[in-house]
Amino acid sequence: MSDKKKDNHVLEEVTTGEYKYGFVTKIETDQAPKGLTEDTIRFISKKKNEPDWLLQFRLKAFRHWLTLEEPDWALLHHPPINYQDIIYYSAPKPKKELESLDEVDPELLDTFSKLGISLEEQKRLSGVAVDAVMDSVSVKTTFQETLAKHDIIFCSISEAVKNHPDLVKKYLGTVVPYTDNYFAALNSAVFSDGSFCYIPKGVRCPIELSTYFRINAANTGQFERTLLIADEGGYVSYLEGCTAPMRDENQLHAAIVEIITHDNAEIKYSTVQNWYPGDKEGKGGIYNFVTKRGLCKGRNSKISWTQVETGSAITWKYPSCVLLGDNSVGEFYSVAVTNNYQQADTGTKMIHLGKNTKSTIISKGISAGKSNNSYRGLVRVSKKADNARNYSQCDSLLLGNQCGAHTFPYIKTENETAIVEHEATTSKISDDQLFYCQQRGIDMEKAIGLIVNGYAKQVLNKLPMEFAVEAQKLLAITLEGSVG
Amino acid sequence: MLLNIKNLHVSIDGKEIIKGLNFSVNQGEVHAIMGPNGTGKSTLAAAITGREGYEITQGEIIYKGQVINNWSPDKRANEGVFLSFQYPIEIPGVSMTNFMRTAINAKREYLGKTPISAKEFLKKMEANKKLVQIQSKLTNRSVNEGFSGGEKKKNEIFQMAMLEPKLAILDETDSGLDIDALRIVANGVNQLKSEENAFVVITHYQRLLDYIVPDFVHVMYDGRIVKSGGKKLALELEEKGYEWIKEQFEA
Ligand SMILES: Nc1ncnc2c1ncn2[C@@H]1O[C@H](COP(=O)(O)OP(=O)(O)O)[C@@H](O)[C@H]1O
Ligand SMILES: [Mg+2]
């Protein structure tokens, strides 16, 4: 997120006058040495001025991680990751500002214009100096004022550790414990930063929250950690990511997102993931191993995950819901697109623990090129979860005949009253559909974009409006050149 | 001459279906093509509109003075060639509104024009819905999805009206229509007819030709046009049946 880093760097300069002058730390101490040992963890924790309890949390996670093996059950293939060849901490560096858009990679500009991103925004995203920074400061300020009025806490996890330690301590690691899986342990040991949000009792957040508006959002790319809590009757819609293509020199990403909803609370979490997928030959690209889980802790609470996954060389991600509170509701709406040599193994887990709990899963996989796209899902109904309901629909769309689509639905029910429905389809874009569009004057690529968007509509409709419009364009762009 | 087809040979998977066909159309004319099933009428329509897999092994399709054998289907469409499909296809999740706007703007882009304004577009939609008596809101209906047979055919004529083609080919638009729908479809065509455009009406039955009166009637048999004449030929065919043609040309 170099753009945001830059933006926020400037922002920091504007908002915290002293910071600028205090920024004289020597370069070499800004970066941890390569590799991962307890010393690395202590270094990170110290750099971030963390309290001891958090250091201990990290160390425990690290020691546990050492006992684990990288999972190999997903339908993903990649060369072994050398965890000792990674730099686990480096301070946010201000990017070199470019003079004009002429200096920006033309391919990137091309994508921007296809996405319909304004010139000003293009400059901002690609790190060209803009006069409009003051503008975005004022937008952010208004935003912060609105939140303050409702006593909503929205800040970086680091700030939350400093300013709201009790809340962080109370919730961190309660939904995704560091023992959960290999990448969760790794993230818990070395997480860099991320977002924290707390919605107080009875508050409906009047605006969509997105990291874009979070002050001090720098340095969150690689091992991001997000924690969202809605207290009784609270509501928030949260947006992660953006449609603009994101590059990062770090290949390995391992994020954790934890969500908690109390009685009658609701959280909607929408993601557009467009990390660098590698080139057409499959070289490079981000490995994205993400653990996202929501806990419907209270009665009548609700958590919805909506994701549009178009980027990354490897996607390993199963946003899940633990439906603990009676009458709680979990939803998962997903569009995952893979092209060229991309691989995605994604899906969800719906764990029904409370009575009358309901879950819905709508997954739309789209594979093109030589890519592989798997849906992997678990619906579990425990003994006590009387009258649990699940509806799952998993559709796969294939473009061409060199790609793969796979569905792995697991269902475990221990309660006779459960009703679990599963539907799955696999289809191809037919020549008839393409010709029909072409006969109406729509060229092949536009036709594919149109048909794919139609196919994914059920999910795209769940996204907040502006996000949906951008996501539609993104789908079309991702599949460009996939049929010829 | 708007369309001039010379000695056309078309193969599908190496099998010759059109076997040396000559056919020409001027602006302002309505041509009917009749003939038994499987004689290559739809194949001809596919060749004119540039469908992949329909290989032109010999001959030329000349449209507005240019040989279009190698043009892409969308280029042909944007130059004014329209096909009302015998079997309209469903595109789930794509609303008719979105589909039409995309198509109109594709053509406008091709012609170097700016996209159509929302206001102008909606006006056009409403006017043409009336033309073919489509009552439902097209905004929330996916292309042909859940349409009855008759609705699908009306929808083809609706699209034709929206796109204002120069050369419209109607492939058995009448089959499966009740008399009311048939009238509506024919009425749509008659209102769109002008000195500038031309229609090629492929049909099995002379019934449609009571409503859309052709200037010329052609009989197709085994990949060729074997007989041409005026409106009377259609009546003659109706009377004598296709067996008469078969007997004549089987020899
Ligand atoms: N896609 C196809 N593949 C193979 N043969 C085809 C295909 N389409 C049509 N044909 C064959 O071409 C001949 C002409 O078909 P068609 O043009 O549909 O005739 P008509 O429209 O006059 O009934 C038939 O013998 C049919 O079986
Ligand atoms: Mg036919």
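Values reported hereafter were calculated over all heavy atoms of this structure, with side chains retained and with hydrogens, waters and symmetry mates removed. Chain identifiers are assigned alphabetically (A, B, ...) following the order of the sequence lines, protein sequences preceding nucleic acid strands; residue numbering begins at 1 within each chain.
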(request) Decide whether S374(A) and N372(A) meet the rule of one side-chain donor and one side-chain acceptor closer than 3.5 Å. (result) no
(message) My understanding is that only residues two or more places apart in sequence, or in another chain, count here; which of them pass side chain to side chain donor-acceptor pair (under 3.5 Å) with D443(A)?
(response) none
(request) Please state whether the side chain, the backbone, both or neither of Y87(B) comes within less than 4.5 Å of a heavy atom of chain A. (result) neither
(request) Taking only Lys NZ, Arg NE, NH1 and NH2, and the carboxylate oxygens of Asp or Glu, determine whether E151(B) and R141(B) approach each other closer than 4.0 Å. (result) yes
(message) Do P464(A) and S270(A) make a side-chain contact, defined as non-hydrogen atoms from C-beta onward lying under 4.5 Å apart?
(response) yes
(request) Under 4.5 Å heavy-atom distance to chain A, tell me which part of P88(B) shows up: side chain, backbone, both or neither. (result) both
(request) Using side chain to side chain donor-acceptor pair (under 3.5 Å) as the criterion, list what pairs up with K6(B), not counting sequence neighbours. (result) none
(request) Mind checking the SG-NZ spacing from C403(A) to K370(A)? Nearest 0.5 Å is all I need. (result) 11.5 Å
(request) State whether a side-chain donor-acceptor pair under 3.5 Å links E309(A) with S334(A). (result) no
(message) At a heavy-atom distance under 4.5 Å, which candidate from G441(A), A447(A), A456(A) has the highest pair count against chain B?
(response) G441(A)
(message) If I measure from the heavy atoms of chain A, does I91(B) come under 4.5 Å with its side chain, its backbone, both, or neither?
(response) both
(message) Checking an interface table here. Which of residues 38-63 of chain B come within a heavy-atom distance under 4.5 Å of chain A?
(response) T49(B), G50(B), R51(B)
(request) Side chain from CB out, backbone as N, CA, C, O: work out which of these in E79(B) comes under 4.5 Å of a heavy atom of chain A, or both, or neither. (result) neither
(message) Need one label for Y436(A): side chain, backbone, both or neither, based on atoms under 4.5 Å from any heavy atom in chain B.
(response) both
(request) In plain terms, say whether K152(B) and E90(B) are close enough for a salt bridge, that is, a side-chain N and a carboxylate O under 4.0 Å apart. (result) yes
(request) Applying ring pair (Phe, Tyr, Trp, His ring centres under 6.0 Å) between W305(A) and each of Y269(A), F332(A), Y333(A), report the one that passes. (result) Y269(A)
(request) Please list, in residue-number order, every residue in residues 423-432 of chain A that has a heavy atom less than 4.5 Å from any heavy atom of chain B; write 'none' if there are none. (result) D431(A), D432(A)
(request) Salt-bridge test for E208(A) and K268(A): reply yes if a basic N is under 4.0 Å from a carboxylate O, no otherwise. (result) no
(message) Rounded to the nearest 0.5 Å, what separates atom CD1 in I104(B) from atom CD in Q159(B)?
(response) 10.0 Å
(request) Among K317(A), K292(A), Q307(A), find the residue that satisfies the side chain to side chain donor-acceptor pair (under 3.5 Å) test when tested with T271(A). (result) K292(A)
